[in-house]
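From a predicted model like this one, the values you see are computed outputs, not experimental measurements.
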Amino acid sequence: ASGAAASAGVPQLTAVPAEPTAWIVASPGGSTSLVGIDTATSAVVATIPIPNSIGEHVGVTAGALAIAPNGRTAYLAVQFAREVLPIDLTSRSIGKAVRVPEQPVSVAVTPNGSRVYVLGYVNIHHADVVAINTSNGTTTSAVSVGPLESAGAGGIAITPDGTTVWVSSSENGTVTPISTARGKAGPPITVGAFPTSLAVTPNGKALWVANSLDNLLVSVDLANNKVD
């Protein structure tokens, strides 16, 4: 299973494939921690404190946490510091933050674990996407996509074959494909009012989009990039 998590008080779950543990970002009383939950018993099995100097810059977007496919590393968007923080889930240690050009609101890891794609809020006119090389922490050139609302709500998802990154643009009601090979965005697709969270089916045939304002789940057929 996969997903994304980050919120103050109402965390969402991100499942780790390598072990029966889900990780959430929790901010009780103003402090921030990564909390591991046993999915069979719902018991807390691990807590990784995030230093206050970092935690105070973590936003409240639902896509701000992603787990590498091998379950060993979490990537946390530190929105207001414009950084993505790697966290070793085995040693429970905090790695060196990677600086990104804009405020990161959603992150996703490629199926082979080689890159972390980051959706960043720029301004009311557009957002951008960069990729972090997980082996050395370098970033690619930014790809411009549609606008997010001021709080940065927006989703990102990657197809199972790793060839396409999809991002939502909440302000103009579209989702946009980005080729991972070419680093170029394709034509945006209109999906409805305020699309935020995204998920690609395991067989790679459909992209599901959650629209916040019209309360709809919309399916995009990835064979022809059209709304079903």
So, T196 and S212: side-chain donor and acceptor under 3.5 Å apart, yes or no?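 Note: T196 and S212 side chains meet the donor-acceptor criterion.
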
Exercise: identify the closest heavy-atom pair between [X] and [Y]:
X    : Y    : answer
P160 : P202 : CG-O, 3.4 Å
G155 : L198 : O-CD1, 3.6 Å
V98  : G137 : CG1-O, 3.4 Å
I178 : G183 : CG2-C, 4.5 Å
A77  : V107 : CB-CG1, 4.3 Å
I158 : P111 : CG2-CD, 4.0 Å

Which pairs pass salt bridge (charged side-chain N to carboxylate O under 4.0 Å, His left out) with one or both residues in residues 95-107, sequence neighbours excluded?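 Every salt bridge (charged side-chain N to carboxylate O under 4.0 Å, His left out) pair that includes a residue of residues 95-107, provided the two are not neighbours, is R82-E102.
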
Output the distance between atom [atom1] ([X]) and atom [atom2] ([Y]), rounded to the nearest 0.5 Å.
X    : Y    : atom1 : atom2 : answer
H57  : I50  : NE2   : CD1   : 13.0 Å
L34  : I87  : CG    : CD1   : 4.5 Å
N172 : H126 : CG    : NE2   : 12.5 Å
W166 : L119 : CH2   : CG    : 14.5 Å
F194 : L148 : CZ    : CG    : 8.5 Å
R72  : I67  : CZ    : CD1   : 13.5 Å

Are the side chains of S33 and T47 in contact, using a 4.5 Å heavy-atom criterion?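 In short, these two side chains touch, coming nearer than 4.5 Å.
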
Is there a side-chain contact (heavy atoms from CB on, under 4.5 Å) between N211 and V218 once you walk through the steps? CA-CA 8 Å; N211 291 337; V218 176; 3.4 Å; yes

Tell me, please, which residues at least two apart from N52 pass side chain to side chain contact (heavy atoms under 4.5 Å, CB included).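 Counting only residues at least two positions away or on another chain, N52 forms a side chain to side chain contact (heavy atoms under 4.5 Å, CB included) with S31.
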
T134, T140, N136 screened by side-chain hydrogen bond (donor to acceptor under 3.5 Å, both in side chains) with T138, the one that passes: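 Going through the options one by one, the only one that passes is N136.
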
Please check this pair: side chain of D128 against backbone of A142, looking for a donor-acceptor N/O pair closer than 3.5 Å.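 Looks like no, no N/O pair under 3.5 Å.
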
Before giving the answer on side-chain contact (heavy atoms from CB on, under 4.5 Å), spell out for I189 and V227 the whole-Å C-alpha distance, their side-chain angles and the decisive distance to 0.1 Å. CA-CA 8 Å; I189 301 167; V227 175; 4.1 Å; yes

